[in-house]
Structure formats: structure tokens, C-alpha cells
Number of protein chains: 4
Amino acid sequence: MANKTAPDSPPGSAGGTPTRRRSERSRRAILDASLALVGEVGYDKLTIEGIASRAGVGKQTIYRWWPSKAAVLLDAFTADVDEYSAQGLPDTGDLAADLKLVLRATADEFNDPAFQAPYRALAVAGANDAELSRAFVDRLLEPGIRVYVDRLRAAQEAGEVAADVDTRVAAEMLLSPFSQRWLMRTGELTYDYVDTLVDLVLRGLRPGS
Amino acid sequence: MANKTAPDSPPGSAGGTPTRRRSERSRRAILDASLALVGEVGYDKLTIEGIASRAGVGKQTIYRWWPSKAAVLLDAFTADVDEYSAQGLPDTGDLAADLKLVLRATADEFNDPAFQAPYRALAVAGANDAELSRAFVDRLLEPGIRVYVDRLRAAQEAGEVAADVDTRVAAEMLLSPFSQRWLMRTGELTYDYVDTLVDLVLRGLRPGS
Amino acid sequence: MANKTAPDSPPGSAGGTPTRRRSERSRRAILDASLALVGEVGYDKLTIEGIASRAGVGKQTIYRWWPSKAAVLLDAFTADVDEYSAQGLPDTGDLAADLKLVLRATADEFNDPAFQAPYRALAVAGANDAELSRAFVDRLLEPGIRVYVDRLRAAQEAGEVAADVDTRVAAEMLLSPFSQRWLMRTGELTYDYVDTLVDLVLRGLRPGS
Amino acid sequence: MANKTAPDSPPGSAGGTPTRRRSERSRRAILDASLALVGEVGYDKLTIEGIASRAGVGKQTIYRWWPSKAAVLLDAFTADVDEYSAQGLPDTGDLAADLKLVLRATADEFNDPAFQAPYRALAVAGANDAELSRAFVDRLLEPGIRVYVDRLRAAQEAGEVAADVDTRVAAEMLLSPFSQRWLMRTGELTYDYVDTLVDLVLRGLRPGS
DNA sequence: AGCTAATCGAGACGGTACGTCGAGTCTTACC
DNA sequence: GGTAAGACTCGACGTACCGTCTCGATTAGCT
């Protein structure tokens, strides 16, 4: 829950000074402006001054609470995503079907332009900024992988997956080709591709294979 | 072989205007300076002015031939890499051993700091610039994947891999988790990891699995 | 009094936005640096960057308040001159003596290297920039002529000068040959020349001539 | 006749190397382009590259024959003017009428936009470049003054002007106010003004005044 | 008529300065 | 004390020209 990249605490939380007189109004305006702007002009042309002006806020108010535009964007993006990924994968007993269902939905999401700009920006901003990278992974990437690992482990316990399989590596075999394709634009994220990928990965997981 | 990001032609090539009389001396100095600087200060702090000054060159000479610092870096990086990846993967008849051998070597390479900075920078720059992304993929990423696809197809013809396997998807199952780990810093690229990955992927490829 | 070339108002003046909170420290440093540099390197080699660097100031601070280097120089030069020309010409009753006295002093001034560079520069810059020209004339040239016109008119009222003489034209007959000689370097500004000029001009002004 | 600012000699003249194989075609194109451009964009934005490109000429061809854009312009302007001013002032016996006639014509000329740009530019370029200034004065300004001095001297010999008058100073009293007005834009050059000026100057020149 | 060297159009080159943008810091006035 | 506003220094941007320097390709004058 603790925000690694921004030194803010929600009003009422237990900080050194119980309540920092921070304007919630400004905070929301800044996050909203960030998301709007990154969609309009792209990450490279996203500027602190632009965010401040769009949000009707002084630059200092941004600098006071966030260390960089990436951190702002991460907060903005995370706020929308946090609850979503907390619900886990469905478990109908049919592993292949469950994975295809969810990955197809994810493909739709990744093909949504509104989602692409900020996510790409963050994925990439992390590459040259180890600190931000950690925050991005911890808050967005890792939770996403975790639910797949959990589902695979459940399947393992149900005997649907061989006991000696490293579920973490298996999850990455599923997710990395998918996100790599999208990130590097090496191919389309179609339902066909998703199905092929799931099937091929699962062939290696079956007991006795 | 054609250079997609820089509008230059090697002297003597058949262009509309026969030869643009480009200074090879400057070209080399610029590429060298780019690689040196990206290693020293990182991609974000890499500037055209910095490259120009380090190379002892006017800024215009850079702008004349490249559209962005990313394009310069791509050329610089590619020049060193081109010949390397043209030789294909070994084929001893033992697919697992061959893959492990090469992936281990690649892991070493990715763990080399001199290689990391420019490669990360390019991966990242591509994400926010579709044009550059294509050049990056075509000139660096795709050739790297191709050799794996070729090796897998050879194995398929040798009956070592099931005939119905999509070798392209299989290659990505191998390479994407690997490069994703590195790019996002979600884990170390150890020999153990490589071996585990290769083994798990191959389980799904075997005929009759 | 109003500054035509710079959009600044002295702190405390009544503008739409009460006070623009301009740094007096920077303003002085810029004006001082301009005068110093124009003397050292000449107007052509005077650059905004040079002024900024010498003044220890960002370029933007200059561009924020002045439209061109000529405008800066005009302000710098005017600041030193404003009060000076407000005192009028002496009136001892002897017109010729009074004019010779003042013109000799002016000759000394025009022969002073510290004065030459900026004044020449402004005269020149004005020729190719009508806007600046107006400011130059209004703030430097015109006040200088005015005091002569006033003195001539006083002489006219005293009966020393014919009533039908256009004092403005007469003043120009006195001042233009003088400044033209200096500007075009067609001759030296000696006391002899000044005396000859005054005498010849006055011959035409005497009543009954 | 010798050109002080440009190291060229007309073909056939006696230089070290008797005949320099210079392209007359290029020379004309350069001078024409200069005049055209200075009229279109003004002196400040007149560039060597612009002239070269407009004239369809290599930059080097300009640099080979002229030291600066001012020198080019001076040549271009002089070529058109040289013959004109060689004919002297009319002498009908009525000095005032002769002066008014010619000065009115000159006023018309100075009010012609095509004439203004280059002449102003040259007058002014000289202020910061003593070398050019001398050339400008010698080739354009001085010959213009000379004809007035000659006419005044003739009048002096005819007893129309007092014998003790310095005709040079008198000529400047006539011409400087005129050109100063124009150069500094301190007033219009009307026929009225010309007449007033001539009359007032002549009042001081009459014998016995 | 052929030779040869100066001159030509073209434009790349190392530089300097331009005028603009944004970063991150600081100051002022308001609430 | 947090905030909106915005001036400040600084660094880099991408562009325009500078004056110099090759490149072939004319081309003029001499042999």
C-alpha cells in the first residue's frame, strides 16, 4: 500500500505529522491531467509545466509531492488499475479455457489506445530508471503475474499440471511473449495468437509430458 | 542491409545524385561518441550537443544525417552487431544442449554493462516511437529471433520437435521471458534460469506430448 | 518617461496585474553588460548570449523583457542620458557664444570612445528598424534637438533672430551637419569646425538679413 | 574608379595576372540578386547564402570576389548610380532655383522605396565598419556633395555668394539636414521643406549679410 | 584542336548564435 | 503552511548562416 515513488500519504493516514494539509482537489487534478495529456501528446512531450497548466496548479505543487513525471504517471495509472487486478483468475477447472478467457480480455485491453500510451511509457521509462522500474514492477507488473502463478499452482494441486513445473517460469512463458509482442510491436495480439500460445505452453505443463 | 533510419548511402552506391560526398571520418566519430556517451551518462542525459562536441563535429552534421539521437544510437549499435548474428545457431543434433549453450552466452552478453545501456535505451526509445521501433525490431530483434526459429525448424525436420508446433511462437516462448526479465529487471539471468526455461519450453515441443 | 521598447513597468506602477515582480538586480546587470560589451566588441559582435553570460543571467530573462539587442542597448544608453538632457541650454544673451559652448562640449562627447560605440550602433540599428528608430529618435535625438529649438526661440523673442525663421529647420541646419560628419566620418569634429558652422548658420538668422 | 572594397578588376584591366577568367554572367546575377533581395527582406536578413541561391551561384564565387555582403551591395548599388551623379548641377544663374530643383528631385528619389533599402543599409553599415564607410563616402556620398560645392563656388565667383563663405560647410548645411531627416525618419522630405531649407541656408550666404 | 589551370555550381563541414522550451528552484501574495 | 502564479538560472533543442573546404564539370586562353 505504501507509495514508494511519491512521498504523500492519504489525508488521515498515520504519518509523522498526522495530517499534511494537502489539497485533494489538486492531487486529483494533477493525476487526471497527466493521463489526459499522455494520451494526447505522448510521453516524450508530456511536461510538468503542461500538467500543471492543464490541472490549474502551480508547478511547485507537483514537485512537492512527486519526484518526476514518471512518478506522477505511475500514480495516475495505478489509481485506476489497483482494484481491478485484485480479484484473481477464474477457476472453472478447465485451465486452458480459463487462461484463454483472461488473456483474450487482456489482449483487448492492450489494444485499447487509451491504455497503451501510459502503460508503454511506464514500461519503458523504467528501463533507464531502476528506481521507477521497481515501483512499476511491484505495483503493476508483479500483481498481474501473481494471479497467473496462483492459478497455475491451483491447477498443479488439482493434478492438471505436473508437480515438478516451476509455476513462476511457466507464467512468464505465457505472459512475456504476449507483452513483448505488444511492447515491441512484433506482432498483433489476436485471439488466435492467444489460443496458440496457451495451448503450446500447456503442452509442456501436463503431467507425464 | 539497407539502412532504414539514416538517409545515407555508402559512397559509390547508385543514388539519384551519384555521391553525397559524406565524411566517413565524421560518421565514425559520431557513432563512437554516441556509444561512449550512452555508457557514461545514460540515454536520458545523452544529448546531440554532447555527441557533437565529443566527436569534434558540428551539430548540423548530425542533424543532416540522422533524425534523432535514437537513430544515431541505433546505427552505432547496429554497426557493431550486424555481422555477429549472421552465423546461425549450432546444430549438434541435441536441441536442448544447443539452445542452452547459446542462451547462456546471450545471458553473459546481456549482463555486460557496455551492452546494456545502448540496448535498453533503444528498446525504450522504440516503445514511444513507432518508426524507430520498426527499425529496431528489423535490424536487431528480428534477426535474433530468426536464428532460433531456423534451429527449431531444423529440429522439427529431424523429428525432434512435433510437426504441428508453430516454431515462431515457440521461439518467442523461449526468448521473450528471457529478455523481459532483463528489461524489467524482474529477475537475474543466470545459467540455472536459462536451463530451466529451455527444459520447460522443450517439454511442450516433443513429438507426442 | 514611458518606456516604448520594453514592456516592463517599474515595481509598484499600476498595471493590470499589479506587480510583475521583475528582478531589478538582473535588469541592472543586463544593461551594464550591454554597455560594457558594445564598447569591447562592437555592435555587430554583440550577442544576446554574450550579454546574458556576462550579466550572469539566463537568456530568457533578456527575451522576456526586450525584443532585441538594440532595444536592450537603447534602454542601457538612455538610462545614463535621460536626466542629462533635461536642463536646457544656457542663455547668456549671446546666442553665438552659447551655441559654440554647448556644441564644443557635444563634440567632446562624440569624440569620446565610450560614447561612440553604443550611439553609433543605435543610429544604425534604427535605420533598418522603423520601430526602434522611433524609440531612438523620441528618447535620444528629439530631446537633444528640442533644447536647441527652445534656445533659438528665446533668441527670436529677444529679437536676436529674425521673426520669420523656422527655428526647427534652423536647429537642424546646426545639428545635422555636425552629427552627419560624425556618423559618416566625413570630417573631424573640431572646435574650429563648430565655430565656423555656428557662425555661418547664424548669419542667416539675423533680423534683416 | 578603382574598386576599394572588391578585389576584382574588369576583364582587360592591368592586374598582376593580366586577365582573370571571371564570369561576367555570375557577377551580374550576384549584383542583381543582392538588390532584389535587400528590397524584399531588408538588409539584416540579407545573407550570402540567400544571394548565392537566388543568383544560382556557388557561395565561393561570392567570397572569391567580395569580402562581405555590404561590399556586394555597395557594388550593386554603385553600378546603377555611377553615371548619374557625374553630370553636375544646372547653372541657370539663379542659385536658389537651381538648388530647389535638384533637391526636390533628390527628395523624390529618396522617397522611392526601391532606393531606400539599399541606401539606408549602406549608410548604416558604414557606421560600424570604418573601411566600408570610407568606400561608401568616397563612391556615393562625396561625389554627391562635390557637385553642390562646385555649384556654390560658381555662385561665389558670380558674386551671388559672399566671398568669405566656406562652401563645403555651406553645402553640408544644405545636405545634412536633408539626409538626416530621411535617415532618422525625423520628418518628411516634402517640396515645402526643401524650399524652406534652401531659402534659410541661402540667407546666410548672401554677400553683406 | 587540345591542354591545362582557374573558375564555376554545389553543398558538406566545424562553428556560433539564434529564439524557444522545459527543468527545477525561488519568491510573492493569497487563503 | 500549502497554494497559484510566475520570474529566475540553466541546459538543450533544432535552425540559420557563417566562412572554409572539397568535389567534379565547365571553360577560357595558350601552345
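Convention: sequence-line order gives letters A, B, ...; per-chain numbering from 1.
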Exercise for the section: Could you work out which one of dC13(F), dG22(E), dC18(F) sits closest to the side chain of Glu49(D)? Expected result: dC18(F)

Problem - Heavy-atom closest contact (Ala70(A) atom, Ala125(A) atom, distance) - result: CB-CB, 4.4 Å

Practice task
Establish, with yes or no, whether the OP1 or OP2 oxygen of dT3(F) is under 4.0 angstrom from a side-chain nitrogen or oxygen of Arg64(A).
Solution key: yes

Handout entry: Phosphate contact (dC8(E) OP1 or OP2) by Trp65(D) side-chain N/O below 4.0 Å
Key = yes

Completion exercise
Which of dG9(E), dC10(F), dA23(E) is nearest the side chain of Gln60(C)? It is dC10(F)

Completion exercise
Comparing Lys59(C) with Gly58(A), nearest DNA chain F nucleotide closer to 5' gives the residue Gly58(A)

Fill in the blank from the handout: Taken to the nearest whole Å, CD1/Ile62(D) to P/dC18(F) is 9 Å

Fill in the blank from the handout: Shortest non-hydrogen pair, Ala121(C) vs Leu73(C), comes out as CB-CD2, 4.0 Å

Exercise for the section: Taking the six-membered ring for Trp and the full ring for Phe, Tyr or His, determine whether the centres of Tyr119(D) and Tyr43(D) are under 6.0 Å apart. Expected result: no

Problem - Phosphate contact (dT27(F) OP1 or OP2) by Ser23(D) side-chain N/O below 4.0 Å - result: no

Practice task
For dA4(F), take OP1 and OP2 only and decide whether either is under 4.0 Å from a side-chain N or O of Ser26(A).
Solution key: yes

Handout entry: From dG19(E), dT9(F), dA23(E), nucleotide with atom closest to Tyr63(A) side chain
Key = dA23(E)

Completion exercise
Correct closest heavy-atom pair for Ile30(D) and Val72(D) would be CG2-CG1, 3.9 Å

Practice task
Check every strand shown and say whether Thr61(A) touches a base, only sugar-phosphate, or nothing at a heavy-atom separation below 4.0 Å.
Solution key: sugar-phosphate

Practice task
Quick one: label Gly50(B) by what it contacts on the DNA or RNA (base, sugar-phosphate, nothing), any heavy atom closer than 4.0 Å.
Solution key: nothing

